[in-house]
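In what follows, a structure is listed as structure tokens, so that the remarks can point back to it.
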Number of protein chains: 2
Amino acid sequence: MPKKRVTLADVARLAGLSTTAASMILTGRPDTRLSADAHAKVHEAATTLGYRPNVAARALRTDKSRSIAFISDYVATTRFASGLIRGALAGAEDAKHVMLVLETGGEPAREIQAVEAALDRQVDGLIFAAMRAREVFVPDIAINVPTVMLNSTSARFPLSVLPDEYEGGRTAVRLLVEAGVSESVVLVGHNAEEEAGLFRSESISRRFAGIRDEMGARGLRFDAELSCWNWEPDQGYALTKAQLQKGTPRGLLCLNDRLAFGAYQALTEAGLAIPDDVALVSFDNDELASYLRPGLTTIGLPHQEMGRRAVNLLFAGQKAKPQMVPMPTLIRGSLPAAH
Amino acid sequence: MPKKRVTLADVARLAGLSTTAASMILTGRPDTRLSADAHAKVHEAATTLGYRPNVAARALRTDKSRSIAFISDYVATTRFASGLIRGALAGAEDAKHVMLVLETGGEPAREIQAVEAALDRQVDGLIFAAMRAREVFVPDIAINVPTVMLNSTSARFPLSVLPDEYEGGRTAVRLLVEAGVSESVVLVGHNAEEEAGLFRSESISRRFAGIRDEMGARGLRFDAELSCWNWEPDQGYALTKAQLQKGTPRGLLCLNDRLAFGAYQALTEAGLAIPDDVALVSFDNDELASYLRPGLTTIGLPHQEMGRRAVNLLFAGQKAKPQMVPMPTLIRGSLPAAH
DNA sequence: GGCCCCTGCTAAAACCATTTAGCAAATGCT
DNA sequence: AGCATTTGCTAAATGGTTTTAGCAGGGGCC
């Protein structure tokens, strides 16, 4: 049963030529002087035998494996991960590469193992991805292949792909204002310490910066800025509920959809109507956002596009430049229609 | 800069032995007769040089690549995918293997390409995963490595890993009854045609079977069975809302958390309290379930455990058997506490 | 005819590890 | 002492591809 795989030598034999000829023809070398007849015979032999090159042998010779590695801290913890992976996978497939996925849990020891495992397999490129955009620890190992930081940054590898949070922040404010909501707006999730860059990611501080600048440019101020550590639904619920004691805001700018989700719960419980009593805008385009009633208007994280661009950068060579990927705007019912 | 990699020959030279000796010692062959001194010298040489075997060379010789392939229809479409991947990844890491992830979108052409790409790379095992448990099309290519069906089945490969939906179904009913909710219960999502096995997955029909059997065993009947095609929140909302016109049920058994989510919305809107007016149980342990207030009691899909077991099966050899993985019960506030 | 160049192809080395077959020296046995 | 066995190790083949170096033959040129 274990019929041996067809090798290049088999193809060459059937074509009546040398393996050299077969190799050159099948790999499509440009400047070879082999006859058209030879080309035809080799291709025919290859297809009739169903020849598939042995990647290991090729890798051994050329140091190229037609594969890349995707090394991330967590793949499952956040529902975003899969967007990054999916985009990267699509990019890899287009480039006829295969993708190794490795998870490190953010532990240095596992990071080292992951990088070594990848390098051992002669990968043609490395993608370091973080589930929350941040400076990532890259193990101090000799890395001799193109490397891209995805949703993360590193002093060592300047090539990164990040969401354009600054513009995203500005857009969120603009959406509110254009919907007629500019007075009595509350920011949910803001945390002064975090904004100082001490505790959360750089990209979140760019989100803040965009929001602040756009507010400033329009001469607006938030009625209140509610802080919390975890941007989870229960925090959104608690903060909103407490805020409602002091009066009903006209709008809520939530720093992510989970906070907004909690806010919805508090608002509904208080008998307030969305968007007529209170309007909301948020960030991330979490799956949740479309499930809510009315749907949550949100500035999405373009994870899939980011994943794809990361792979493209890997293969872009010299002309590769860091990328800021625009965040899409998802208009749903949580904002009143502009009149 | 491109310092050449350390090879086995380098190690052997430093140790003052042959590559044969070095190879045997480093691969830990059992019945070799090399001296303890030789062992020491080789190991020392290897660590001082930082030797790492070239996987391609090894694969070429041994046909083993210390890698497996995870081939799935969709990796990102459902938030469950990542659980399967994560579990498989952990299993692979434990076995010192690396995992290739390939996505096919369920398209036969891409399936073939994926399998060939994997086989070309001498993977030591194949996992076919489907995001919804179902019979999966496996391309008709010679596959000469261990293969496991994950959350899916195939006539060709009997080794599968599936959630134990039958027991899960029974448990859901039991939970309701034990919480004192046995009269006036409505089933949300049931679809007769699907139950006939025509349109949805086999594992869902086992879920139905478990529910039906447990109800029958206790002499109970549903007050109503509400059908819909898509188990999405808006369907849950619509079905529940319509049902409320006819009276308020004591309990809802929802076939997944998204339906339950929609049901929550309808119930809240109608001013009904959970769980005092209406109790709910559901399936999947979607991320949503913990965000709801009160939390949704649900029978979870053990995706991570399933992924891990699939990998283990790959390496289990002869004694590998198909697996039914128990579904965990997540008790939250949507059921009244048993008195 | 002698020389050079071009055309069309191939032999053989290289990549790096594993593994088979086997050699030389030491030991054991009678 | 003589022979067989064990011990401790190595030479060389092997896996499948790419690539360097070069060969044979034909034609052009003077």
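Below, read A as the first sequence line, B as the second, and so on, with proteins coming before strands; counting in each chain starts at 1. Source: prediction; values computed, not measured.
Contact between the side-chain N/O atoms of A/Thr19 and the OP1/OP2 oxygens of D/dG16 is not found at any separation under 4.0 Å. Residue B/Tyr51 places at least one side-chain N or O closer than 4.0 Å to OP1 or OP2 of C/dA17. Remark: B/Thr20 is not in phosphate contact with D/dT10, judged by side-chain N or O atoms under 4.0 Å from OP1 or OP2. At the phosphate of D/dG15, neither OP1 nor OP2 sits under 4.0 Å from any side-chain N or O atom of B/Arg58. A sub-4.0 Å separation between OP1 or OP2 of D/dT14 and a side-chain N or O of B/Arg61 is absent. In this structure, A/Thr7 does not reach the D/dG16 phosphate: none of its side-chain N or O atoms is under 4.0 Å from OP1 or OP2. In this model, the phosphate group of D/dA11 is not approached by any side-chain N or O of B/Ser18 to a distance below 4.0 Å at OP1 or OP2.
Taking atom CZ of B/Arg13 as the reference point, atom P of C/dC16 lies 11 Å away to the nearest angstrom. Atoms NZ (B/Lys64) and P (C/dC16) sit 23 Å apart, rounded to a whole Å. Taking atom CD of A/Gln122 as the reference point, atom C1' of C/dA17 lies 12 Å away to the nearest angstrom. Rounding to whole angstrom units, CG of residue B/Leu8 and P of C/dT18 are separated by 6 Å. Whole-Å rounding puts the A/Arg5 CZ to D/dT17 C1' distance at 12 Å. One interatomic measurement links the two molecules: CG of A/Asp63 to C1' of D/dT17, which rounds to 13 Å at whole-angstrom precision. Between B/Asp37 atom CG and D/dT7 atom P there is a gap of 17 Å when expressed in whole angstrom units. As a whole-Å value, the separation of A/Arg121 CZ from C/dA17 C1' is 15 Å.
At the heavy-atom level, A/Ala59 lies nowhere under 4.0 Å from the strands shown.
In terms of polar N and O atoms assigned as donor or acceptor, the side chain of A/Arg33 comes within less than 3.5 Å of the base of C/dG8 in a complementary pairing.
In this structure, A/Ser152 contributes its side chain and A/Leu150 its backbone to a donor-acceptor pair below 3.5 Å.
Expressed to the nearest 0.5 Å, how far CG of B/Leu102 lies from CD of B/Glu116 amounts to 12.0 Å.
Side-chain proximity of B/Pro53 to the nucleotides D/dC9, C/dC9, C/dA17 is greatest for C/dA17. When distances run from any side-chain atom of B/Thr62 to the nucleotides C/dT19, C/dT10, D/dC9, the shortest one goes to C/dT19. Checked against C/dG8, D/dG16, D/dT10, the side chain of A/Leu60 finds its nearest nucleotide in D/dG16. Between D/dC9, C/dT20, D/dG16, one nucleotide has an atom nearer to the side chain of A/Asn54 than all others, and that is D/dG16.
Using a 4.5 Å heavy-atom cutoff, the side chains of A/Tyr51 and A/Leu26 are in contact.
Note on A/Arg5 versus A/Asp10: no salt bridge recorded, every NZ/NE/NH1/NH2 to OD/OE distance being 4.0 Å or above. A salt bridge does not link A/Arg66 to B/Asp120: none of the charged nitrogens lies less than 4.0 Å from a carboxylate oxygen.
Both B/Met24 and B/Arg52 sit near DNA chain C, but only B/Arg52 has its closest nucleotide nearer the 5' end. Where B/Ser35 and A/Ala56 meet DNA chain D, the nucleotide closest to each residue was compared, and B/Ser35 sits on the side nearer the 5' end.
B/Phe315 and B/His97 have tilted rings, their planes meeting at an angle from 30° to 60° on a 0 to 90° scale.
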